[in-house]
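A, B, ... follow the sequence lines: proteins, then strands. Residue 1 opens every chain.
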Amino acid sequence: MKIAVLGGTGFMGYDFIRLLIARSDLTPLVYCTSPTNLSNLARHEVEVKFTPYSQLATQRLEADVSMLVNFAHPFSVRDGLSPSQQIDTLVKFFRKSLKDNLDLKMIHISTMSVYEPFGDSLYFSENSPLKPPKSDAYASNKCKFEQALRMLPGIAERLLILRPTVVYGPFGRVWTDNLLSAFFSGDVAYWDLSGRIQPIFVQDISHFLLSQMNGFCPGILNLGGPEVLTWYDFLDFFAGIAGKGTLRRLEQEPEQEQEKRRKGYASNFVELLNVIIHERSFRNLVRPVTKLLPPSWKCTLKSHIDGFDKDKTAFQADSRSGGTYCKAFFSRDRLVSMDSFSKRYPCFVFTKLSSKRDILSDYFYYRFSDKMYR
Amino acid sequence: MAINHHLPRFLSLLGSEHISILEIDSFRRAELASRFLENDKIEIVGKTPDTERFDLVLIATPPKFHYKYYCEFEDSTDHFFIEKPMTLNADQATSLETSSKQNGQKVFVNLVRRTLGSYRLIRQLHNENYFGKLKRVIVNEGGVFNWKAVSLGSFSRDLNGGGVLMDTGPHTLDLLFQVFENISLESAYMDGSGKAIEANCTLDLIADESVPVTVNLSRNRYLSNTVVFEFARATCTVGVRDNAIEVVSTNGVEYTMYPSGIRYCESPTFAQLIDAFYHSFLVSGDNSGVGPSESLKVLKLIDSAYDCAKSMKGGF
């Protein structure tokens with residue numbers, strides 16, 4: 001059985017592909033839009049088809065593919081395409097693939113961060129309306145993408161959408177590497193980490209995906225871990241693994257702290273721009289880009305760079321600090337209902353965070369130390 | 001690399017009046033043509049020009065094509081500038097070295113770390129026995145690969161010849177060749193097997209017949225990016241892209257040594273290293289230290305490592 005994976009170079013995609021490789025009855029075929037993140041995948045004998053985003057819409061999926069698993073999502077600007085254009089490209093690729101291969105099934109993986117609004121003690125269900133704040137372009141685009149997929153003709157019986165919550169595990173950038181790195185650098189400041197989450201181990205998701213290869217069931221499913229933890233407990237667990245910094249509560253209101261920091265970052269950025277803007281090579285590179293900007297943007301950009309008040313001092317980051325987790329994000333519950341999942345898969349077992357201490361400790365030494373492997 | 005790093009320097013540091021960019025992929029060619037539409041110094045071509053002579057030919061393709069393009073442009077120039085590794089393997093490197101000698105051509109291989117003074121200073125300290133006998137060297141170079149690559153080149157055994165050892169390996173081994181005359185391989189361990197390519201590689205080497213050297217390379221781990229020289233009376237730690245040498249003597253005294261005559265600060269950026277390379281070698285026309293013979297030594301070591309590599313145990 002041939003399984004096509006799009007977005008297989010990322011954290012969750014790579015974990016799933018490793019499981020597929022270990023199975024003799026399943027053959028992964030990875031469609032890759034950028035070679036940048038291929039280091040891990042290239043270690044395995046797996047077929048990779050490199051197709052830049054700009055050519056994806058016309059890419060033909062191999063005829064003998066039975067399942068298409070999508071981890072790709074619109075983000076930033078890729079290959080010169082805006083998020084909307086990326087959504088358009090991805091949807092065209094899926095529409096064409098589903099049309100060409102009438103037996104093809106599809107699984108789309110997203111993340112819980114986009115399925116807002118959350119609320120205290122609210123367990124977000126599969127039927128809750130998706131209303132991320134308009135100011136959150138990342139979340140909004142992911143919602144648009146999911147909605148566009150659900151509009152594809154005849155898709156209801158052919159599409160499974162999974163919405164995992166906070167995912168952690170080896171090679172996870174946001175909720176593993178960044179945390180380990182922060183605590184490895186020193187103490188980590190926080191203000192309110194009382195918000196609750198249901199962290200899920202990446203390999204649990206991969207195992208569930210694997211179970212769908214021969215037992216596909218369409219629909220929408222939330223995927224949360226087996227326990228409800230506060231962000232404090234979750235972060236503190238990673239502090240224990242890194243074994244260096246600890247969580248340190250700020251003495252100041254986070255808004256003031258954030259404002260101070262924001263100004264610091266902004267001033268550093270403008271300062272950086274003021275330096276590089278005078279570099280000839282930078283000007284040569286940026287000239288074709290600025291020509292494409294609307295006139296109002298050009299004026300704004302220019303005024304920000306030329307009109308910057310140089311007397312403002314940059315925020316001096318505490319060199320011993322590993323970073324901060326002060327956003328209001330961490331004070332709110334982000335919980336999902338697992339009722340649908342439990343009804344459909346009562347025997348599927350998720351692993352607890354505490355049971356992953358050894359594997360994450362090994363990973364920490366692998367990822368962040370000079371330990372030799374022979 | 002060619003477009004973002006070399007092209008601006010060709011136009012500025014080398015003062016090039018006319019640049020032909022050969023791009024065989026029609027899609028990329030169209031992109032480049034559109035990007036440089038208004039620059040009358042740059043033309044984008046789809047095949048090797050038949051008769052044109054060039055002051056300098058830059059080869060910045062995946063390594064598989066380095067030797068092929070050297071041969072194609074052999075009669076068109078007296079100066080080649082080739083990205084590292086110089087060729088896909090030592091056999092091709094030997095042929096290129098022989099041909100360029102016969103043709104009287106100067107070949108510059110982009111080993112940017114030759115512009116660092118720190119490793120020359122370590123060589124001097126070692127040769128003068130300044131800190132006593134050199135007992136051991138440990139190299140750790142690694143980071144998570146985030147180069148904005150435009151092709152699968154760095155991740156294809158066919159195109160690149162291997163993984164991290166062919167990618168950052170030439171730079172790392174070149175640091176050692178700045179210190180030692182001869183380096184031989186004792187053993188090699190890599191992850192990835194068959195058609196797959198390694199993200200991690202550990203080499204056990206012997207330098208100048210007596211000094212054990214361990215090299216740990218990775219492109220999916222955050223390693224310390226340092227070279228540690230353990231002398232009898234001091235330990236010297238140098239960043240893989242740094243000019244500063246942190247010294248801790250056996251009696252506990254800590255201080256920093258700097259080489260003299262360096263163009264840039266103690267921790268030059270990649271851009272500064274390339275600028276320094278252009279000034280030190282291409283502008284001056286002197287390829288001492290960055291010619292084919294140095295690359296041949298590196299490629300022989302790499303070939304032997306791939307020939308005898310054992311599977312790495314552990315890790316993720």
Side-chain angles (χ1 to χ4, degrees), chain A residues 9 14-15 18 21 30 32 34-52 54-55 58 78-80 169-171 173 176-177 180-181 184-185 276 279-289 291 359-360 362-374, chain B residues 3-5 7-9 11-12 27 31 34-39 138 140 142 144-157 160 163-164 167 187 189-200 202 204 214 216 218-224 226 271 275 310 312-316:
Chain A
T9 57
Y14 173 59
D15 194 81
R18 279 198 294 184
I21 292 166
V30 181
C32 158
S34 162
T36 303
N37 298 321
L38 267 171
S39 305
N40 280 331
L41 198 62
R43 298 185 294 172
H44 306 277
E45 286 196 79
V46 57
E47 190 179 349
V48 177
K49 284 193 180 295
F50 173 51
T51 311
S54 47
Q55 297 170 34
T58 53
R78 285 169 169 165
D79 282 357
F171 302 113
R173 187 173 57 84
T176 304
D177 280 1
L180 291 171
S181 170
F184 190 49
S185 303
I276 61 174
E279 286 289 325
R280 191 171 170 180
S281 55
F282 175 79
R283 283 172 175 267
N284 288 340
L285 286 170
V286 92
R287 196 171 290 131
V289 179
K291 277 182 186 161
I359 190 172
L360 288 171
D362 289 348
Y363 170 71
F364 171 67
Y365 285 108
Y366 175 80
R367 190 78 156 169
F368 294 98
S369 81
D370 283 345
K371 184 178 177 181
M372 296 270 181
Y373 294 88
R374 284 189 169 85
Chain B
I3 302 301
N4 294 334
H5 294 280
L7 187 59
R9 288 169 176 85
L11 290 165
S12 56
F27 189 80
E31 259 184 2
S34 155
R35 185 166 162 185
F36 298 112
L37 190 64
E38 290 176 21
N39 193 326
I138 301 167
N140 280 291
V144 174
F145 187 95
N146 62 359
W147 192 261
K148 296 284 176 209
V150 293
S151 76
L152 284 180
S154 296
F155 301 99
S156 155
R157 188 172 292 286
N160 202 49
V164 68
D167 198 6
S187 57
Y189 302 86
M190 297 179 196
D191 58 0
S193 60
K195 288 179 187 168
I197 54 171
E198 80 286 355
N200 293 281
T202 302
D204 294 316
T214 305
N216 195 14
S218 179
R219 54 184 184 187
N220 74 345
R221 300 174 62 196
Y222 298 99
L223 302 182
S224 60
T226 57
D275 282 346
K310 294 173 191 158
M312 190 178 267
K313 303 274 190 302
F316 279 81

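In this structure, the portion of B:N200 lying under 4.5 Å from any heavy atom of chain A is its side chain and not its backbone. If you measure heavy-atom distances from B:L37 to chain A, you find no contacts under 4.5 Å at all. Interface residue A:I359: backbone and side-chain heavy atoms are both found under 4.5 Å from chain B. For A:Y365, the part sitting under 4.5 Å from any heavy atom of chain B is the backbone (N, CA, C, O) and nothing else. In this structure, the portion of B:D204 lying under 4.5 Å from any heavy atom of chain A is its side chain and not its backbone.
When B:G153, B:S218, B:S187, B:A199 are compared by the number of non-hydrogen pairs under 4.5 Å with chain A, B:A199 comes out ahead. When each of B:I197, B:T202, B:T214, B:V164 is scored by its heavy-atom pairs under 4.5 Å with chain A, the top score falls to B:I197.
Here the closest non-hydrogen pair linking A:S39 and B:R219 is OG-O, 3.4 Å.
Note: A:Y363 and B:F316 have perpendicular aromatic rings, judged against thresholds of 30 and 60 degrees for the angle between ring planes.
The backbone N or O of A:D370 sits nowhere less than 3.5 Å from a side-chain atom of B:R221 that would complete a donor-acceptor pair.
Between B:N140 and A:M372, the closest side-chain pair of non-hydrogen atoms falls below 4.5 Å. Taking 4.5 Å as the limit, some side-chain heavy atom of B:Y222 sits within range of a side-chain heavy atom of A:R367. Contact of the B:V144 side chain with the A:R173 side chain is not registered, since no non-hydrogen atoms from C-beta on lie closer than 4.5 Å.
Around CZ of B:F27, the count of heavy atoms belonging to other residues, nucleotides or ligands within 6.0 Å exceeds 12.
In this structure, the separation between CE on B:M190 and CZ on A:R43 is 14.0 Å, given to the nearest 0.5 Å. Taken from CG in A:N40 to CZ in B:F155, the straight-line distance is 9.5 Å, to the nearest 0.5 Å.
A donor-acceptor contact under 3.5 angstrom links the side chains of B:N220 and A:Y366, judged on distance only.
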